[in-house]
Each structure stands twice: as structure tokens, then as C-alpha cells.
Amino acid sequence: MAPSRSPFPGLTTDERARAAYSEGAGIHRIVPAGVALPRGVEELQALVRWAADTSTPLVPRGSGSGMPGGAVGRGVVVDLSSGFHWLAPDWSHRAVWVGASVTAAQIGDAARPFGLRLAPDPSSAAFATSGGLTATNAAGPRSVRCGSVRAWVDAVEIVEADGTARRVTRGEGKGERFVLSPDQRKLVQARFPHTRKNSSGYALDRYVESGDELDLLIGAEGTLALVTAVRWRLEPIPPDVAGAALGFASLEALGHAVPFLIALNPSAVELLDRTFLELVGGDGLDLPAGLEGLLLVEFERDTRAAARGVVGDAVRGLKASTAHVATAVDRGGLERLWSVRKLASPALARLPPSRRSLQVVEDGCVPLERLAEYIAGVRTAAGRCGVPVALFGHAGDGHVHVNALPDTTIPGWREALAGLFTAVTELLVTLGGTPSGEHGDGRLRAGLLERFYGPEVMSLFRDVKRAYDPGLILNPGVILPSPEWAPLVDLKVGADVAPIPDDIAARLREIERTAGWATPKLELARSSSP
Ligand SMILES: Cc1cc2nc3c(=O)[nH]c(=O)nc-3n(C[C@H](O)[C@H](O)[C@H](O)COP(=O)(O)OP(=O)(O)OC[C@H]3O[C@@H](n4cnc5c(N)ncnc54)[C@H](O)[C@@H]3O)c2cc1C
């Protein structure tokens with residue numbers, strides 16, 4: 001499907017440029033047919049109209065840090081990470097309009113002097129774009145209190161599949177394009193998972209509640225429209241913070257502690273599982289032996305006394321079940337206490353080159369009361385399949401990230417990984433979970449959704465897609481599986497990996513290792529030195 005003619009100078013089919021966009025974070029390598037870097041809405045509209053005329057699939061992309069392969073594909077990759085870089089603050093109303101290219105960190109930097117911040121705090125803030133964050137319904141540790149980005153996006157500007165540009169504002173854009181009957185609304189309410197977070201499928205449950213078209217567009221992963229601007233609602237930065245690290249000798253005790261902590265209104269309840277502590281070298285961490293997991297808890301309050309007081313309540317309330325307690329009474333102390341989380345990247349970098357961190361079951365989320373069962377089940381499945389794993393995540397939301405760490409020089413590693421993918425999927429279905437708490441489905445999970453939602457809801461998902469993109473040009477194969485969907489194909493590792501120039505492969509690997517996703521990808525195409 002090579003483009004027949006350039007609709008504007010920003011489209012290239014150069015081999016090195018295509019190679020530079022063949023990978024994102026996550027497991028995939030797919031060389032696209034072309035790459036386009038539109039500078040502004042009009043150029044994007046021209047590109048989309050050309051794509052509609054020529055039936056060329058478009059793959060919207062921000063910084064490419066998304067995990068499940070939504071930002072890579074065989075069509076034309078549309079890089080929106082640089083051409084939409086503007087910021088229009090409305091601090092007095094605690095809001096800001098930004099172009100799709102603006103990252104979460106750039107919003108934070110602009111808002112901080114005014115005592116404001118973006119409430120969700122993704123770890124990828126330094127590079128994740130406003131378009132990508134909105135398209136995946138991203139989240140962060142603080143989402144335990146503030147929810148996913150859905151709750152903080154007031155409005156978006158989009159370019160639709162026919163090239164039309166328009167604004168969709170919460171409370172104004174009633175979804176007339178896609179209407180659900182009373183029976184279909186009941187079906188949605190019955191079939192959607194009852195998890196605290198969900199970035200899988202189209203958010204029909206939220207759409208049923210709000211009737212707001214915005215709820216269909218947030219989390220749509222570039223399959224319904226291209227987002228060109230986002231109006232973010234901001235929150236005041238709370239004056240004080242305190243927290244604790246709480247260690248547990250059994251998963252059962254950890255599982256019971258989480259709802260207790262949630263009742264105290266924390267701003268974060270993060271999990272570092274035994275497998276994670278082992279990976280980062282638990283011995284050097286000054287923790288007692290035999291911990292099954294550590295919870296890092298943060299409380300933000302209006303006064304220092306209130307923040308310290310609630311930490312005391314947490315520690316006292318869990319005295320009988322904790323095997324380790326350390327507290328912090330200010331921001332600096334908390335950062336020191338939490339620094340253990342930052343040890344994951346150096347530990348992963350220390351792994352031998354043959355051992356790869358592959359994100360295939362990295363985003364499962366279960367009802368809070370099933371958290372301990374889920375952690376135990378993932379560990380068991382990993383042991384059975386012979387794939388080492390390191391688990392961490394957002395315990396307060398029942399949401400666990402899994403780093404699968406197979407040795408890719410051992411014959412059968414791919415089958416073992418596929419076994420883990422299947423086993424964890426079964427586990428999530430059994431526990432009433434969702435395969436994605438914040439990363440989205442991408443290409444990786446598209447073929448699993450029927451297991452979670454059933455055929456009737458899948459049919460509604462297809463109706464949504466038809467209502468917005470009847471020509472199937474916007475990110476086909478994402479959320480709704482392509483006919484040839486298979487688990488774990490188009491991997492960036494293995495004997496049958498798609499060939500690209502060695503120097504570009506090395507630079508992409510380096511970006512992955514250092515989380516250098518903000519790097520303009522065309523730089524990789526220009527330079528030929530590794
Ligand atoms: C080290 C690391 C840490 C991470 N931490 C977190 C975390 O804490 N929380 C979290 O939620 N995620 C996290 N992620 C995942 C990732 O950063 C998020 O999914 C982020 O929202 C992706 O933004 P992006 O700009 O990189 O989008 P991309 O990866 O480029 O795209 C992601 C999806 O959005 C679509 N898309 C992108 N831009 C647009 C647009 N303008 N219009 C329409 N569709 C678009 C793409 O088609 C794709 O389907 C992490 C990733 C890494 C590598």
C-alpha cells in the first residue's frame with residue numbers, strides 16, 4: 001500500500017525514515033508504508049483526505065511510548081509529536097488548551113508557578129504527548145484518587161476520517177452519531193468489567209453514563225479521529241504530603257491492607273512485588289527478608305499535621321499485618337523512600353542482552369478485592385511457563401504491571417511467552433478484570449477483547465467504528481482485530497524480525513533502554529552512526 005503521490009511535502013517513503021518509525025515501546029516492529037509529519041490542522045486535513053481517497057491506512061502517533069503497538073503499523077505513520085506545539089493557558093479557570101504535541105511534563109512546568117498541576121501523573125510525563133495521553137486514557141500513581149485522564153479532559157479538537165475538523169466539549173457534544181437502545185445500554189452495564197480503571201475497548205460504559213461524545217473519543221487509540229488539541233482541567237497542588245513504605249510477609253495481608261488504605265483517601269498506593277524487589281536487588285534495600293510485597297503510600301493534605309496524622313493512622317491500623325514500616329513526613333523524605341521504584345530501569349539495563357523485557361501482559365487490572373489472587377496467579381503462571389517476571393504497579397487501583405523477562409537465546413522462549421499471554425488472559429477473565437488499566441489494547445490485545453466483552457458488545461464496538469470511520473483508514477487492527485490477528489506476531493526480537501538498517505535498530509534499542517522517547521525519530525533516519 002505505498003502512497004501513490006505526496007499530498008504535501010511532509011510525507012516520505014524513504015526507507016530509513018520508515019525504519020525509524022518501525023518500533024515504539026512494547027514488543028512490535030512493523031515497517032510502515034510511509035511517514036508524515038503534518039505541521040498544523042490544515043496539513044493534517046489534506047493528508048486525511050488523501051488517505052480517504054486512496055484507502056491508505058493512517059497510524060496516528062505521538063512520541064511512540066505506548067506499549068501495545070497502537071503507534072506502529074503497516075500504513076502511513078502520522079507523527080503528531082511536533083507540529084501541534086502550542087499552549088493557551090486559562091489559569092484563572094484552572095485550565096489550559098494545548099496542541100496535541102505538548103507533553104504532560106511541559107504542562108506541569110507551565111502550570112507549577114501558578115500552583116496548579118495535571119492531576120494524573122504518568123511516569124512517562126517527560127515524553128507522552130497530550131494526544132497520546134488522551135488517546136490511551138492514560139493514568140498514573142495518583143489516579144487512585146483522581147482517576148484516569150478521562151476525568152481531566154474537558155474538550156478536544158479532532159480531525160475526522162473525512163478530513164473535517166471540529167471541537168468536542170464535555171457537556172455540549174451529545175453523541176448523536178452513535179445511539180444506544182435501552183437494551184444495548186443494559187447490555188453494556190452488564191458486560192463491562194467492574195474495575196477502578198479501564199483503557200480497553202471503547203468506553204461504552206462511560207458513554208452510557210454521560211451521553212457525552214467525548215467519552216467515546218477518549219481512549220479510542222487513534223481509531224475514531226486524530227486529536228489535534230486538548231483542553232486539560234488542572235488541580236491546585238496540595239500544600240503538604242507524607243507517606244510510608246509498608247512491607248508484608250503474605251499476599252493475603254497485603255491484599256487486605258489495600259482497601260483499608262483506600263478508606264484513608266491516599267493520593268497513591270503503589271505495589272512493589274517480591275519479584276520486583278528481587279530484580280532490583282532486594283538485599284541492598286535495607287528490607288527484612290521474606291517480604292512478599294511492599295506498598296508505597298502517599299497522602300496529600302492541606303496541612304503538615306493532617307498529612308502526618310493520616311500516616312500515623314495508616315501505620316497503627318496495619319500494625320498487626322505489616323512486617324516492615326518506614327515513614328516520611330515531607331516531600332524530600334518521601335522521594336527518598338520511593339527511590340526504590342527508580343531502581344527498576346538500572347536493574348533492567350544490567351540484564352544480559354539476551355534477556356529482554358517484553359510487555360505482553362503488562363497492564364492487567366482487576367477488582368480491588370481480587371488483587372492478591374491476581375498477583376499470586378501471575379507468579380504461578382510465570383513459573384509454569386518458565387518466564388521470569390517482575391511485578392509492580394498501582395495496587396490502590398488493583399492494577400499490576402508485569403515485566404516478562406524471557407531469555408531470547410533459549411529455544412522455545414516465544415512459545416513460553418505465548419503461554420504466559422494465554423494464562424494471564426484466562427486469569428483476568430476469571431477474576432472479572434480488564435486486559436488494560438491504562439495502556440490501551442493496541443494491536444497486541446485487539447484479538448482478546450471478545451473474551452472479555454462477549455460477541456454482542458464487540459458488535460457494538462464495530463458499530464462505533466463504522467459510525468466514525470466507515471472507510472477503515474484510522475488505525476485499522478487496533479481495538480478491533482484485523483482478520484489476520486494472532487497473538488505475539490511482528491515482534492522486535494527473534495529470528496523473523498523485520499529487517500531495518502543496523503544503526504537504526506541500535507538507536508531504537510537505546511531509546512527503549514533509556515526511555516528516550518522524546519527523541520525526534522527522523523534524527524535516526526538522518527544520522528548513520530550508531
Ligand atoms: C517508561 C514508560 C513509562 C510509562 N508510564 C506510563 C504511566 O505511568 N501511565 C500510563 O498510562 N502509560 C505509561 N506509559 C505508556 C505511554 O507513555 C502512554 O500510553 C502514553 O499515553 C502514550 O503517549 P505517546 O505520545 O507516546 O503516544 P503513542 O505511543 O505515540 O500512541 C499511543 C496511542 O495513541 C494514539 N495516538 C497518539 N497520538 C494521537 C493523536 N494525537 N490523536 C489520535 N490518536 C493518537 C496512537 O495511535 C496509539 O494508539 C509508559 C511508557 C513508558 C515507555
Side-chain angles (χ1 to χ4, degrees), residues 21 23-26 28 38 41 44 48 57-73 75 77-84 98-105 120-143 148-150 156-161 197 199 217-230 268 270 341-342 344-345 348 357 359 362-363 365 392-394 397 399 401 403 436-446 469 474-479 511-519 521:
Y21 284 88
E23 293 184 10
H28 296 96
V41 173
L44 181 61
V48 173
L58 297 178
V59 182
R61 178 171 173 136
S63 71
S65 70
M67 295 284 179
V72 291
V77 168
V78 186
D79 183 342
L80 299 158
S81 68
S82 63
F84 300 81
V98 298
S101 313
V102 178
T103 65
D121 54 341
S123 318
S124 51
F127 41 84
T129 63
S130 289
L133 292 163
T134 304
T136 54
N137 187 29
R142 281 203 300 260
S143 293
S148 305
V149 307
R150 177 182 305 284
V156 291
E157 288 180 351
I158 54 171
V159 168
E160 302 201 72
K197 284 157 86 179
S199 281
L217 297 171
I218 296 171
E221 300 184 54
T223 63
L224 302 184
L226 296 114
V227 176
T228 56
V230 179
E270 294 288 284
R341 294 168 83 222
K342 302 214 168 97
S345 302
L348 290 171
S357 172
Q359 297 79 13
E362 87 297 352
D363 204 30
C365 184
F392 64 103
H394 314 299
D397 281 322
H399 182 202
H401 295 310
N403 261 312
S436 173
E438 65 187 18
H439 292 163
D441 298 313
R443 291 170 206 289
L444 173 68
R445 290 183 263 272
D469 179 24
L474 297 179
N475 234 356
V478 168
I479 299 185
I511 285 176
E512 182 180 81
R513 252 178 22 80
T514 58
W517 293 106
T519 312
K521 306 303 173 300

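Bear in mind the structure is a predicted one, so any value in this text is a computation, not a measurement. All ligand and atom numbering here is 1-based and tracks the order in the structure.
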Shortest protein heavy-atom distance from [atom], along with the residue and atom involved:
{"atom": "atom 42 (N) of ligand 1", "result": "Val227 N, 2.8 Å"}
{"atom": "atom 40 (C) of ligand 1", "result": "Leu80 CD1, 3.6 Å"}
{"atom": "atom 6 (C) of ligand 1", "result": "Ser124 OG, 3.5 Å"}
{"atom": "atom 1 (C) of ligand 1", "result": "Phe127 CZ, 4.0 Å"}
{"atom": "atom 27 (O) of ligand 1", "result": "Gly132 CA, 3.5 Å"}
{"atom": "atom 47 (O) of ligand 1", "result": "Pro60 O, 2.6 Å"}
{"atom": "atom 25 (O) of ligand 1", "result": "Thr129 OG1, 2.7 Å"}
{"atom": "atom 30 (O) of ligand 1", "result": "Gly62 N, 2.6 Å"}

Considering only heavy atoms from C-beta outward, does the side chain of [X] approach that of [Y] to under 4.5 Å?
{"X": "Asn475", "Y": "Pro60", "value": "yes"}
{"X": "Val48", "Y": "Glu160", "value": "no"}
{"X": "Leu226", "Y": "Leu474", "value": "yes"}
{"X": "Asp121", "Y": "Pro141", "value": "yes"}
{"X": "Tyr21", "Y": "Asp79", "value": "yes"}

From the candidates [options], the one that places a heavy atom nearest [atom]:
{"atom": "atom 11 (O) of ligand 1", "options": "Ala139, Pro122, Gly219", "answer": "Ala139"}
{"atom": "atom 21 (O) of ligand 1", "options": "Thr136, Leu224, Val59", "answer": "Thr136"}
{"atom": "atom 8 (O) of ligand 1", "options": "Gly64, Ser123, Gly99, Ala125", "answer": "Ser123"}
{"atom": "atom 29 (O) of ligand 1", "options": "Gly66, Ser63, Ala518", "answer": "Gly66"}
{"atom": "atom 12 (N) of ligand 1", "options": "Met67, Glu512, His439", "answer": "His439"}
{"atom": "atom 15 (C) of ligand 1", "options": "Ser148, Ser65, Pro68", "answer": "Ser65"}

- prompt: Is any NZ, NE, NH1 or NH2 atom of the basic residue among Arg443 and Glu221 found under 4.0 Å from an Asp or Glu carboxylate oxygen of the other?
  reply: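 Glu221 and Arg443: not salt-bridged.
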Looking at [X], which atoms of ligand 1 are within less than 4.0 Å of one of its heavy atoms?
{"X": "Arg61", "value": "30 (O), 37 (C), 38 (N)"}
{"X": "Leu133", "value": "21 (O)"}
{"X": "Gly222", "value": "43 (C), 44 (N)"}
{"X": "Glu438", "value": "7 (C), 8 (O), 9 (N), 10 (C), 11 (O)"}
{"X": "Leu226", "value": "42 (N), 43 (C)"}
{"X": "Ala71", "value": "28 (P), 29 (O), 30 (O), 31 (O), 48 (C)"}
{"X": "Ala138", "value": "11 (O), 21 (O)"}
{"X": "Ala135", "value": "34 (O), 35 (C), 36 (N), 44 (N), 45 (C)"}

message: Angle between ring planes, His394 versus His399, binned at 30° and 60°: parallel, tilted or perpendicular?
response: tilted
[X] contact mode with ligand 1 (heavy-atom cut-off under 4.0 Å):
{"X": "Ala225", "answer": "backbone"}
{"X": "Asn475", "answer": "side chain"}
{"X": "Trp517", "answer": "side chain"}

Rounded at 0.5 Å granularity, tell me how far [atom1] in [X] sits from [atom2] in [Y].
{"X": "Cys365", "Y": "His401", "atom1": "SG", "atom2": "NE2", "value": "9.5 Å"}
{"X": "Ile158", "Y": "Leu44", "atom1": "CD1", "atom2": "CG", "value": "11.0 Å"}
{"X": "Lys521", "Y": "Ser63", "atom1": "NZ", "atom2": "OG", "value": "6.0 Å"}
{"X": "Phe84", "Y": "Thr129", "atom1": "CZ", "atom2": "OG1", "value": "11.0 Å"}
{"X": "Thr136", "Y": "Ile218", "atom1": "OG1", "atom2": "CD1", "value": "10.5 Å"}

task: Please determine if Ala128 has a nitrogen or oxygen closer than 3.5 Å to a nitrogen or oxygen of ligand 1.
output: no
- prompt: Minimum heavy-atom separation for Ala71 to Arg61, with atom names?
  reply: O-NH1, 3.2 Å
message: Pair Glu362, Arg445 - check salt bridge (charged side-chain N to carboxylate O under 4.0 Å, His left out), show working.
response: CA-CA 11 Å; Glu362 87 297 352; Arg445 290 183 263 272; 2.7 Å; yes
field: Residues Asp441, Ser436; criterion side-chain hydrogen bond (donor to acceptor under 3.5 Å, both in side chains); working and verdict
entry: CA-CA 7 Å; Asp441 298 313; Ser436 173; 5.2 Å; no
